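Taking it in order: structure first as structure tokens, then the write-up.
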Amino acid sequence: MINFYDPKTETRSFSTKDLGTPVSKSNVKISLEIDGVTIVVPEGTSVLRAAAICDINIPKLCASDNLAAFGSCRLCAVEIEGMRGMPASCTTPVRAGMKVTTQNDQLAKLRRNIMELYISDHPLDCLTCSANGDCELQDMAGAVGLRQVRYGFEGKNHLDGATDDSNPYFSFDDSKCISCSRCVRACEEVQGTFALTVSGRGFDSRISAGQQQSFIESDCVSCGACVQACPTATLTEKSIIDHGQPDHSIITTCAYCGVGCSFRADMQGDRVLRMVPDKNGQANQGHSCVKGRFAFGYATHKDRITSPMIRDNIEQDWREVSWEEALAFAAKRLNSIQEQHGRNSIGAITSSRCTNEETYLVQKLVRAVFQNNNVDTCARVCHSPTGYGLKATLNESAGTQTFESVMATDVVLIIGANPTDAHPVFGSLLKRRLRQGAKLIVVDPRTIDIIDSPHTKAQHHLKLRPGTNVALLNALAHVIVDEGLADNDFIKSRCDDASFQQWYLHIKDPRHAPENTSEITGVAAEELRAAARLFANAHNGAIYYGLGVTEHSQGSSSVMAIANLAMVTGNIGREGVGVNPLRGQNNVQGSCDMGSFPHEFPGYRHVSEDDTRQLFEQEWQVSLDNEPGLRIPNMFEAAIHGDFKGLYCQGEDIAQSDPNTQHVQKALSSMHCIIVQDIFLNETAKYAHVFLPGSSFMEKNGTFTNAERRISRVRKLMPPLAGKEDWQVTVALAKALGYEMDYQHPSEIMDEIARLTPSFHGVSYEKLEQLGSIQWPCNDQSPLGTPIMHTKDFVGQQGKFAITEYVATPERANKRFPLLLTTGRILSQYNVGAQTRRTENQVWHDQDVLEIHPNDAEDRGINEGDWVGIASRAGTTALRARISQRMQPGVVYTTFHHPLSGANVVTTDNSDWATNCPEYKVTAVQAVKVDQPSVWQAEYAQFSQRQQQYLANKKSAKIAD
Amino acid sequence: MSQDRLQYVVGMANQIAVNLLHGKQQTQCVNEISHHINRFWAPSMRAQLFEAADNENYQLEALVILALKQINN
Ligand code: SF4
Ligand code: SF4
Ligand code: SF4
Ligand code: FES
């Protein structure tokens with residue numbers, strides 16, 4: 001029998017099996033013989049893996065196929081013709097013509113002896129052990145036929161080792177540790193945190209977090225990679241200790257960030273026991289972060305609201321009602337608003353947390369049933385400039401690569417993104433590439449972790465002033481053009497010449513020279529020139545950017561400047577390069593693709609295009625409006641002036657996430673019918689008249705699309721607590737408004753999307769089952785999807801250079817507001833925190849703080865932990881101070897994960913010129929020491945308390961109409 | 001209609017103009033400004049822009065005024 005190795009089929013056919021050592025990507029094929037079976041594998045494959053591929057399973061303990069072979073346990077010993085002794089098969093690469101024996105008496109004896117030694121220092125409580133049934137040590141004892149332990153258990157041992165329970169999600173039981181160091185290597189190789197160490201040698205070697213610290217005190221970021229790697233019960237999820245082993249598993253997709261990790265949900269009945277990153281997940285390749293891995297308890301939190309509620313006005317008790325009553329109430333209000341105030345007086349907001357199918361239905365409801373185009377999405381406030389800027393230059397509103405592509409990158413340029421906190425799994429992959437020698441340039445006003453973390457250092461940190469991205473990007477392009485570093489072949493063959501010539505004249509002007517822009521950006525000319533040269537000379541240069549680019553008054557200009565930079569250096573259209581927006585929420589890409597913008601149908605086609613509109617009119621059997629609708633900030637503005645009265649808000653908390661909170665609160669309080677569909681009574685729901693209980697990602701079927709354009713399935717793990725999946729609620733609302741949407745399953749919604757959208761023509765649930773996931777465009781030209789975009793042309797066109805002039809934001813520091821506030825995110829919390837605040841993740845971040853440079857703090861007499869009042873022209877709030885060298889003097893920083901922090905009370909309604917994406921990243925403020933929270937905070941705390949009471953009274957409430 | 005509200009659209013239109021005016025001929029700027037506003041602004045906002053143009057209390061950038069001819073009312 002001959003087994004042929006094919007890298008494409010291997011992962012699928014050996015889907016969950018641990019093959020012992022990592023895959024080799026070599027194209028050279030080697031043929032060898034193992035126990036008489038001939039097998040052909042790529043050069044660099046280990047003997048252990050080659051054997052496992054043809055189902056010859058050599059015992060192993062210290063090896064795992066996501067870690068480099070280590071060779072410490074010797075259990076995988078084999079005999080090889082012509083080689084002396086019994087080499088470890090995990091550290092022995094295959095050679096042509098090798099003849100390997102994996103089983104004979106000698107080997108069996110050696111393995112039994114090794115196991116005997118391990119077991120003599122291991123508690124024999126298998127029956128009551130949490131890993132019972134899922135323990136590799138137990139399996140190996142069985143496999144080698146261990147029957148006796150001659151050494152006895154009296155000798156020197158570690159059986160009284162202590163247990164470290166400090167991490168909220170997993171525990172470390174030292175007595176069960178066999179010192180295989182898989183955990184240590186997982187923390188280094190997979191996660192890149194280097195939090196674990198082996199102390200002592202030989203028999204005395206022990207594992208510890210940090211320098212003999214507890215896990216919670218150490219640098220551990222609780223990603224769970226070590227827990228997954230551990231072959232024993234030493235590192236185990238507390239949920240497994242509490243409830244036992246799972247009885248079945250379902251593959252689904254994380255609902256937190258734009259990495260879109262695939263998970264195996266381990267279940268007991270309809271209880272989720274644990275989430276384990278899916279080895280076959282094409283976005284995450286078996287890795288995860290603390291949020292997706294552990295922070296899912298919110299889904300069954302006691303704050304979940306599971307029945308519909310209505311009320312006449314917002315200073316009234318909620319009343320719990322049936323679905324029919326709530327929907328009839330909502331429909332009646334929306335109808336009467338439209339009768340009184342016109343067709344355009346209502347609208348809806350879709351969410352990047354909901355599935356593609358749900359988002360699609362909400363925009364369909366607005367366009368087909370509300371009969372206007374007043375639909376927008378929370379992506380407005382994060383990545384709308386990406387949509388605009390990439391469409392204008394690269395002719396498609398999406399990132400160009402896979403995450404995996406970074407493994408072929410030589411120089412990485414990160415602008416306004418903090419991957420280790422906001423996109424942790426990509427952050428780990430990036431760190432791995434940096435450890436292999438790729439170079440790093442970071443453009444950020446703060447010293448973020450990736451600039452200086454274990455074994456990775458940035459070559460250049462361009463620590464610019466907030467709000468000067470465009471000036472800096474222009475300067476980079478200027479140097480490249482000026483010093484003759486442009487990739488002229490690429491520009492000639494791939495880009496539109498007229499736009500290039502115009503841009504070239506513009507960018508060559510000396511005002512863009514770093515010597516002249518350093519005044520604006522605060523970045524020294526020489527450093528900038530060096531960074532530009534490094535990037536331009538790279539064989540493969542890739543740009544990664546995040547909200548630090550988009551959330552500015554020139555967000556769209558920055559995105560276009562990034563695209564210019566990629567084109568002028570020829571870094572588009574192959575592995576290892578590209579323009580990579582790191583999306584915030586899980587389905588930002590999907591919600592944009594699904595037509596959530598007021599000017600676009602699904603697939604980014606303008607509402608004024610007659611052909612497209614007719615297509616939708618035919619499918620939906622209604623006539624559609626050909627004029628763009630209102631964007632979120634425009635809706636608020638219209639609400640304050642009495643023209644916009646009704647809003648259907650699915651899964652989005654605009655009252656907390658949108659800037660200038662007081663303005664938003666005023667807008668919300670002016671409306672007559674706010675319908676909130678969510679799993680919790682979020683901040684927006686405190687202004688709502690109708691509450692429709694939503695379902696978490698565990699309670700529904702659908703798809704999410706991550707930052708790589710990868711469409712992955714979300715699968716229902718348990719029935720929806722409130723009885724309806726979110727898409728069913730929209731269907732029911734449409735029906736109450738007199739419009740039938742006839743779907744039995746979300747797959748039928750996807751079929752409709754595929755029918756109507758060219759880039760989705762080839763997508764179906766069936767194909768998703770076959771392929772695992774699909775990166776759009778997926779159609780007749782590319783039936784299996786498109787991992788790397790723009791390999792030949794820019795969706796049928798040439799790339800366009802865009803002129804991006806730096807225009808200073810009106811938000812400048814002055815006498816009254818001398819500091820610049822910028823905002824961001826941290827690892828353990830997610831966005832407005834509605835989910836993560838309802839989990840144990842609180843132990844890492846229980847409040848938002850204000851980071852301030854020591855000089856600025858000293859000037860103001862502020863000490864660590866003091867209350868600091870922060871005032872801008874929009875409002876005032878107060879936070880605790882954290883003195884931090886990461887900041888530059890004159891710049892302060894906070895996060896907005898907690899509603900009472902009121903970070904957005906301070907942010908203003910400045911916005912991006914092209915898309916109205918708010919300028920979260922720059923607000924001129926003053927900071928002073930205070931002794932208590934601000935007036936706004938006190939008032940809002942009272943308001944929230946009142947609203948909680950209205951909720952508590954929901955059973956007894958009466959309502960007038 | 002309140003003053004504030006017109007100021008809101010005037011501010012946005014001027015911001016668009018300031019960001020589009022560099023490195024091009026005037027015709028191209030005017031085309032880009034009007035195209036942008038036609039494409040992304042709801043009709044109600046465009047109506048407010050025309051209202052502001054007729055009201056001397058509001059200062060529209062010269063290029064925006066030129067673009068008005070091509071903006072759908
Ligand atoms: S949880 Fe992650 S970061 Fe913490 S020790 Fe384990 S591998 Fe390292
Ligand atoms: S904790 Fe687990 S993975 Fe780490 S050395 Fe001990 S047994 Fe091995
Ligand atoms: S939050 Fe992001 S990185 Fe973390 S598990 Fe979920 S998708 Fe992956
Ligand atoms: S599995 Fe090869 S030495 Fe441990």
Side-chain angles (χ1 to χ4, degrees), chain A residues 342 344-345 347 372-374 384 388 392 470 498-499 502-509 511 553-554 556-557 560 597-600 606-608 625-631 633-638 640-644 801-810 909-916, chain B residues 1-53 55 57-68 70-73:
Chain A
N344 291 319
S345 58
N372 62 40
N373 286 319
N374 292 334
S384 50
Y388 177 89
V470 175
S499 74
Q502 200 171 45
W503 178 79
Y504 181 81
L505 283 179
H506 157 84
I507 206 73
K508 250 194 102 77
D509 190 280
R511 71 179 185 281
S553 66
Q554 283 202 292
S556 293
S557 305
M560 294 189 289
F597 288 131
H599 64 283
E600 278 170 344
H606 199 266
V607 290
S608 65
D625 191 352
N626 64 355
E627 286 282 7
L630 296 168
R631 300 172 285 197
N634 312 148
M635 290 180 193
F636 291 157
E637 203 58 33
I640 288 174
H641 291 92
D643 300 339
F644 189 81
F801 282 84
I803 292 190
T804 54
E805 182 70 29
Y806 168 66
V807 178
T809 165
D909 43 19
N910 284 349
S911 67
D912 173 43
W913 65 271
T915 66
N916 274 173
Chain B
M1 187 147 322
S2 95
Q3 305 271 311
D4 267 348
R5 183 162 205 199
L6 297 188
Q7 189 50 49
Y8 174 69
V9 289
V10 168
M12 283 199 293
N14 287 346
Q15 198 190 356
I16 292 168
V18 170
N19 274 281
L20 289 178
L21 67 83
H22 296 271
K24 300 162 216 163
Q25 301 291 327
Q26 181 173 315
T27 350
Q28 195 187 343
C29 298
V30 169
N31 287 344
E32 287 183 7
I33 295 168
S34 55
H35 180 74
H36 188 95
I37 291 180
N38 284 331
R39 226 175 143 77
F40 296 105
W41 284 28
S44 57
M45 291 163 63
R46 300 197 302 255
Q48 287 155 29
L49 188 63
F50 282 102
E51 202 183 322
N55 184 330
N57 295 324
Y58 298 97
Q59 300 294 313
L60 282 172
E61 293 280 337
L63 283 170
V64 178
I65 296 178
L66 288 176
L68 281 174
Q70 299 171 36
I71 293 176
N72 307 330
N73 193 356

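The chains referred to below are lettered A, B, ... by the order of the sequence lines, with proteins before strands, and numbering in each begins at 1. Scope of the values below: all heavy atoms of this structure, side chains included, with no hydrogens, waters or symmetry mates. For clarity, every value in this text was computed on a predicted model and none was experimentally measured.
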Where on [X] is there a heavy atom nearer than 4.5 Å to chain B: the side chain, the backbone, both, or neither?
X        : answer
A:Thr804 : neither
A:Tyr388 : side chain
A:Pro633 : both
A:Glu600 : neither
A:Leu505 : neither
A:Ala802 : neither

Could you check if a side-chain atom of [X] sits within less than 4.5 angstrom of a side-chain atom of [Y], using non-hydrogen atoms only?
X        : Y        : answer
B:Leu20  : A:Trp913 : yes
B:Arg46  : A:Pro628 : yes
B:Gln28  : A:Gln502 : yes
A:Asn634 : B:Tyr8   : yes

Looking at every non-hydrogen atom in both residues, tell me the closest pair between [X] and [Y] and how far apart they are.
X        : Y        : value
A:Asp912 : B:Gln15  : C-NE2, 4.1 Å
A:His606 : B:Arg39  : NE2-O, 2.8 Å
B:Asn19  : A:Glu805 : OD1-O, 4.3 Å

Find the distance between [atom1] ([X]) and [atom2] ([Y]) and round it off to the nearest 0.5 Å.
X        : Y        : atom1 : atom2 : result
B:Arg5   : A:Ile640 : CZ    : CD1   : 9.5 Å
B:Trp41  : A:Arg631 : CH2   : CZ    : 7.5 Å
A:Ser557 : B:His22  : OG    : NE2   : 10.0 Å
A:Glu637 : B:Met12  : CD    : CE    : 7.5 Å

At a 4.5 Å cut-off on heavy atoms, which part of B:Asn38 comes close to chain A: side chain, backbone, both, or neither?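 For B:Asn38, the contact with chain A is made by the backbone alone.
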Which of the residues A:Asn373, A:Asn916, A:Asn344 is involved in the greatest number of heavy-atom pairs with chain B at under 4.5 angstrom?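 Heavy-atom pairs under 4.5 Å are most numerous for A:Asn916.
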